[in-house]
Number of protein chains: 2
Amino acid sequence: MDAIDKVILSELIRDGRVSFRDLAERVRLSPTATAERVRKLQESGIISGFRAEVDMAALGRPLKAFIDVRLRPGPDHAELEAALLTLPAVLSGAHVTGRWDYTLTVACRDVAELDEVVMALPGSYGVVETNTRLLLRELAGSGAEALTRLLG
Amino acid sequence: MDAIDKVILSELIRDGRVSFRDLAERVRLSPTATAERVRKLQESGIISGFRAEVDMAALGRPLKAFIDVRLRPGPDHAELEAALLTLPAVLSGAHVTGRWDYTLTVACRDVAELDEVVMALPGSYGVVETNTRLLLRELAGSGAEALTRLLG
DNA sequence: GTTGAAAGAGCCATTAG
DNA sequence: CTAATGGCTCTTTCAAC
C-alpha cells in the first residue's frame, strides 16, 4: 500500500460514497486507475466493506454500556456465544483475556432495557457473573478520525 | 422511521455504496423517492455517515486490546483525554463508570508495540493505573450484522 | 496509467395522488 | 407531503493503447 492508497483509504473512511471521479481528482489519477486501486484494496481485505454508520442514540438507543461476563466452565462456549449475540441490545462481543471471559457492547433504549439484558444473562446463557459499565461519553476523535491518524 | 426506512437502512449497512436504483428496486419505490428517504435519514442523524470499513489485521495491526485506565484525580481531564487519543495505536476511547475511568481500544502491530503503548501511559498522560485485556476473538455477528438485527 | 465512448446512475423540474 | 416520470448531466466501466 503506497502513499496514494493511504490517501484513497482516508478519503473513503471520511466519505464512503465519494465518487471515483472526485477521489481521482484528490489523488491526481484517472478515475479508472482510482477505481482499480479501490477494487484491489477490497480484494486484499484492507477494505472489508462500505457501511452506513448508524447513530444509536438517534435510533432511540441512547444508553450504551460494556457488559463483562464470565461463563460457567465447560467446553460448550460455542452455543453460549451464539446466544449472547441474539440478545436484542447487543452490538458486539469479544472473547478477552483476564478476569472476564467476554465483553459485550450494548445499546439500550433506557435503563429498564439495560436491566432486562443484565438480568437475562445469568442462567439461560451460561453466564455466572457480570459487570456492567455505562459509557458516559465517547472520546472525540474515536472511530473514523482515529483510523485516519493510524494511516499517517 | 417506517418499515421501508428499516429495509433501506439495513441495505445501506450491508452495502454503503449501493446505487439508489438498486436500493429502489429492493424497496419497490422510485429511485427519486428512495434517495429522498436516504437524505432524510442523514438529516435526522440516524445515518451519521458512510465509511469504508478497515480490517486492522490486513493493515498490519492484528493485535487488538482493551486498555482500562484510571487517571489521577483532578479537574484537568480534558487535556488528558485529548492526549490519550494521540497515541498511535488507539482506535477509540470512552469515559465509563466503575473502577476504571476510561476504556481505550487499541490495534497494535505486535506485542512490542502494545507494550510501548501501555508503558507510555503512566506519567505523561496522567494515568495512574492500567489494565490490559487482549481481544482473543471478536464474536461472529458483531457489528453490521448486529445492527441489522436491532432494526428488526 | 490513460483515453474515449457506451452504459449506467444521479439530479431536478414537473406532475400526480 | 410523498412519490413517479422524463430529460439532462455526470459517473462508471470497458476496450484499446
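To find a chain, count down the sequence lines: A is the first, B the second, and so on, and within it residues start at 1.
Residues A:Leu41 and A:Ser44 approach most closely at O-OG, 3.1 Å, considering heavy atoms. Here the closest non-hydrogen pair linking A:Val90 and B:Ala146 is O-CB, 3.6 Å.
Considering NZ of A:Lys6 and CD1 of A:Ile8, their distance stands at 13.0 Å, rounded to 0.5 Å. Here B:Leu12 contributes atom CG and B:Ile46 contributes atom CD1; the two are 12.0 Å apart, rounded to the nearest 0.5 Å.
In this structure, the CZ atom of A:Arg39 is 13 Å from the P atom of C:dG1, given to the nearest Å. Computed from coordinates, the A:Glu36 CD to C:dG1 P distance equals 9 Å when rounded to whole Å. In this structure, CD of B:Glu43 is placed 11 Å from P of D:dT2, rounded to the nearest angstrom. For A:Glu25 and D:dC10, the CD to P distance is 13 Å, given to the nearest whole Å.
With no hydrogens or angles considered, a side-chain donor-acceptor pair links A:Asp68 and A:Thr103 at under 3.5 Å.
Among residues at least two apart or in separate chains, there is no side-chain hydrogen bond (donor to acceptor under 3.5 Å, both in side chains) pair with a member in residues 139-151 of chain A.
Within a 6.0 Å radius of CZ in A:Arg26, no more than 12 heavy atoms belonging to other residues, nucleotides or ligands are found. Other residues, nucleotides and ligands place more than 12 heavy atoms under 6.0 Å from the CD atom of A:Glu36.
Within a heavy-atom distance below 4.0 Å of DNA chain C, the residues of residues 2-22 of chain B found are B:Ser19, B:Phe20, B:Arg21.
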Anything under 3.5 Å between a donor and an acceptor, one on a side chain of residues 78-87 of chain A, the other on a protein residue two or more places apart or in another chain? List them.
unit_1  : atom_1 : unit_2   : atom_2 : d
A:Glu81 : OE1    : B:Arg137 : NH1    : 2.7
A:Glu81 : OE2    : A:Tyr102 : OH     : 2.6
A:Glu81 : OE2    : B:Arg137 : NH1    : 3.2
A:Glu81 : OE2    : B:Arg137 : NH2    : 2.8
A:Thr86 : OG1    : A:Ala83  : O      : 2.6

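A sub-4.0 Å separation between OP1 or OP2 of D:dA3 and a side-chain N or O of B:Arg37 is present.
Summary of helix geometry: the two end axes of the helix from C:dG1-D:dC17 to C:dG17-D:dC1, each defined by five base pairs via their C1' atoms, are inclined to each other by 30° (rounded to 10°).
Nearest nucleotide to the side chain of B:Ala33, out of D:dT2, C:dG1, D:dA4: D:dA4.
Using a cut-off of 4.0 Å between Lys/Arg side-chain N and Asp/Glu carboxylate O, A:Asp2 and A:Arg37 are scored as salt-bridged.
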Using nucleotides 15-17 of chain D, report all nitrogen or oxygen pairs with the protein that are shorter than 3.5 Å.
none

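In this structure, the salt bridge (Lys or Arg N to Asp or Glu O under 4.0 Å) partners of B:Glu138, at least two apart in sequence or on a different chain, are B:Lys64.
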